[in-house]
Amino acid sequence: MNTKFHVFSSSTTASHIFSRSRDFVFEPVVASMMENGVNLPTLDRPKFQLPLKPHHLLTDSEQRSREFLSANHTIYLKYLTSVTLDMVMNTYMAKLQHVSADLFPKDGSGWVTIDYHELMRKTIFETSVLTFFGTRLHEIWPDMWEDWKLFNDATFAGVRSNVSWYSRPKARAARERMLQAFDEWVDTEIEEWPETQSIWNDKWGIKMNWEREILGRKFEFTHRGRACLQASFLFVIVTNSAPMATWFTICIFKSPGGVARYREEIASSVKCTDGIGQDEFPLDVLKLKQSQYIQGVWKESLRTGSASAAARVVTKEAEIDGFIVKPGSVLLLPVQLLHFDHDVFPQPQQTDPNRWITNDAKDEEKYRQIQKQNSHLRSFGGGIGLCSGRFVAEQEIINVVSTVLFLFDLEFVKPIEGLDLNPQSIGIMNPKRNPTVRLRRRKLKV
Ligand code: HEM
């Protein structure tokens, strides 16, 4: 059989594919994002491509090139998944305080009607830029929010091919302005990381991108290639988290009794009532994250809001589920097939955080059911491609939305039942039409 694309939909097959990272490789997916998404210069492309010869026949420079991907991935893991994650998230929360003080309706403004999706996208975007890239990017690229939206909205097809850019000249121009801004951002001296600054400074943001910049130079990337490396990180941190903040809020409102229940969890996590713009974040973020109910809403949001399809390329002929797959073929795992499987998620269209919750440790049947559901939840992919930003995403979204509900009464202007999602997306879907909400400051008890 000469099939080029194979679609699989069982969780066991997904685990089988993800666990064989040499036979079913992730590298071409990243290479495609770098080439088509951010137009990586031709000279730098071999660093993302698989060699066409066995490992022992690689020249020294080819071998060194191959090491880049693994070194870059190690930096991601170091900052985004290990003990350093807490420091990254503390920085994120401090930046969120400032961004929300700027973007959210002010005290004493009564009921304010706003485009909620725009507010969430901008909050996540601004906070992420400030956290991960410091203050310089804003100065270099004053129109970054408008350019970013044009760029991001064109990428749902853009990482698979570059055609999207030719049919959207405005998006192509916005991408070029973004890359020029990063050209300037990387065009700076790299000094030692100051001992007085633990993990963040104005110039680099989180130390992670300072380390990635050193890596890019060590592996002799072109100047534009280094700009592309940084821009691609901006892309992965924002593209899915921004729509997820909107969808997570909608899922709270869609869950039976969800708003009251969620507010109870917030009430038990209040540390201080100073509100936003102050030094201390008012909510206990660990407590929020550990709440079973909030976890239930988070997983339901991922389950119902994802439209991604993990992709892997076959390097060695293999048999999967009785089909022979040939080298060069693409394996696709569309997550909606897993997330809406009736046998695993009864009434899959319903938003029900309780399907993830058990209050009885001895209820083995429910426990097994939850385990089965977990193995079907694949919004973050798996194996070597597994999203290293998944913990950041979880914490930032819970914290941003909890802050909104802590500070404001919130009403959707139109019924949320009519709020369809747009499946044209790389991962998490945007709403088809942006929801309008009314917000009013709550009186915080002192
Ligand atoms: C709800 C939000 C997010 C979703 C649904 C999501 C989903 C994904 C998916 C599906 C992949 C490819 C996985 C595969 O094919 O196996 C991926 C890769 C990646 N994501 Fe995310 N992501 C999110 C947020 C983030 C954030 C906030 C960051 C960074 C702080 C991030 C960093 C990355 C990186 C660096 C990769 C490349 C693989 C790696 O080296 O880790 N993502 N993400």
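We count residues from 1, following the sequence as given. Counting starts at 1 for both ligands and their atoms, in listed order. Because only heavy atoms are used, hydrogens play no part in the values below, and waters and symmetry mates are left out as well, while side chains stay in.
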Could an N or O of ligand 1 be found under 3.5 Å from any N or O of [X], whether backbone or side chain?
X: Ser308; answer: no
X: Leu80; answer: no
X: Ser388; answer: yes

Selected option - heavy-atom contact closest to [atom], from [options]:
atom: atom 30 (C) of ligand 1; options: Ile237, Ile124, Ile75; value: Ile237
atom: atom 16 (O) of ligand 1; options: Glu394, Glu396, Arg312; value: Arg312
atom: atom 17 (C) of ligand 1; options: Pro243, Ser241, Cys387; value: Cys387
atom: atom 4 (C) of ligand 1; options: Phe233, Phe380, Phe391; value: Phe380

Do the side chains of [X] and [Y] get close enough for a salt bridge, i.e. N-O under 4.0 angstrom?
X: Asp44; Y: Lys47; result: yes
X: Lys271; Y: Asp284; result: no
X: Arg433; Y: Glu118; result: no
X: Asp153; Y: Arg121; result: yes
X: Glu139; Y: Arg136; result: no

For Asn354 and Ile357, indicate whether the former's side chain and the latter's backbone hold a donor-acceptor pair under 3.5 Å.
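Not confirmed, Asn354 side chain does not pair with Ile357 backbone.
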Do side-chain atoms of Gln369 reach the backbone of Val344 as a donor and acceptor pair under 3.5 angstrom?
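The answer is yes, because a donor-acceptor pair under 3.5 Å joins these two groups.
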Nearest-neighbour protein heavy atom for [atom], which is reported as residue plus atom name and distance:
atom: atom 40 (O) of ligand 1; value: His73 ND1, 2.7 Å
atom: atom 35 (C) of ligand 1; value: Tyr76 CE1, 3.4 Å
atom: atom 31 (C) of ligand 1; value: Gly389 CA, 3.5 Å
atom: atom 13 (C) of ligand 1; value: Gly385 O, 3.1 Å
atom: atom 25 (C) of ligand 1; value: Val236 O, 3.5 Å

Is it the side chain, the backbone, both or neither of Leu386 that has a heavy atom closer than 4.0 Å to ligand 1?
backbone
If the cut-off is 4.0 Å to any non-hydrogen atom of [X], which atoms of ligand 1 fall inside it?
X: Gly381; answer: 13 (C), 14 (C), 16 (O)
X: Gly382; answer: 16 (O)
X: Ser379; answer: 5 (C), 7 (C), 10 (C)
X: Phe26; answer: 14 (C), 15 (O)

For His117, the option from Asn434, Thr246, Thr436, Thr249 that meets side chain to side chain donor-acceptor pair (under 3.5 Å):
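Option passing the side chain to side chain donor-acceptor pair (under 3.5 Å) with His117: Thr246.
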Partner set under side chain to side chain contact (heavy atoms under 4.5 Å, CB included) for Glu146, not counting sequence neighbours
Lys149
Does atom 37 (C) of ligand 1 have a protein heavy-atom neighbour under 4.0 Å away?
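Within 4.0 Å: no protein heavy atom nearby.
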Lys95 to Trp200 six-membered ring, cation-pi geometry met (6.0 Å, 45°):
yes
Residues pairing under ring-ring contact (aromatic ring centres under 6.0 Å, His included) where one sits in residues 14-36, two or more places apart or in two chains, turn out to be none
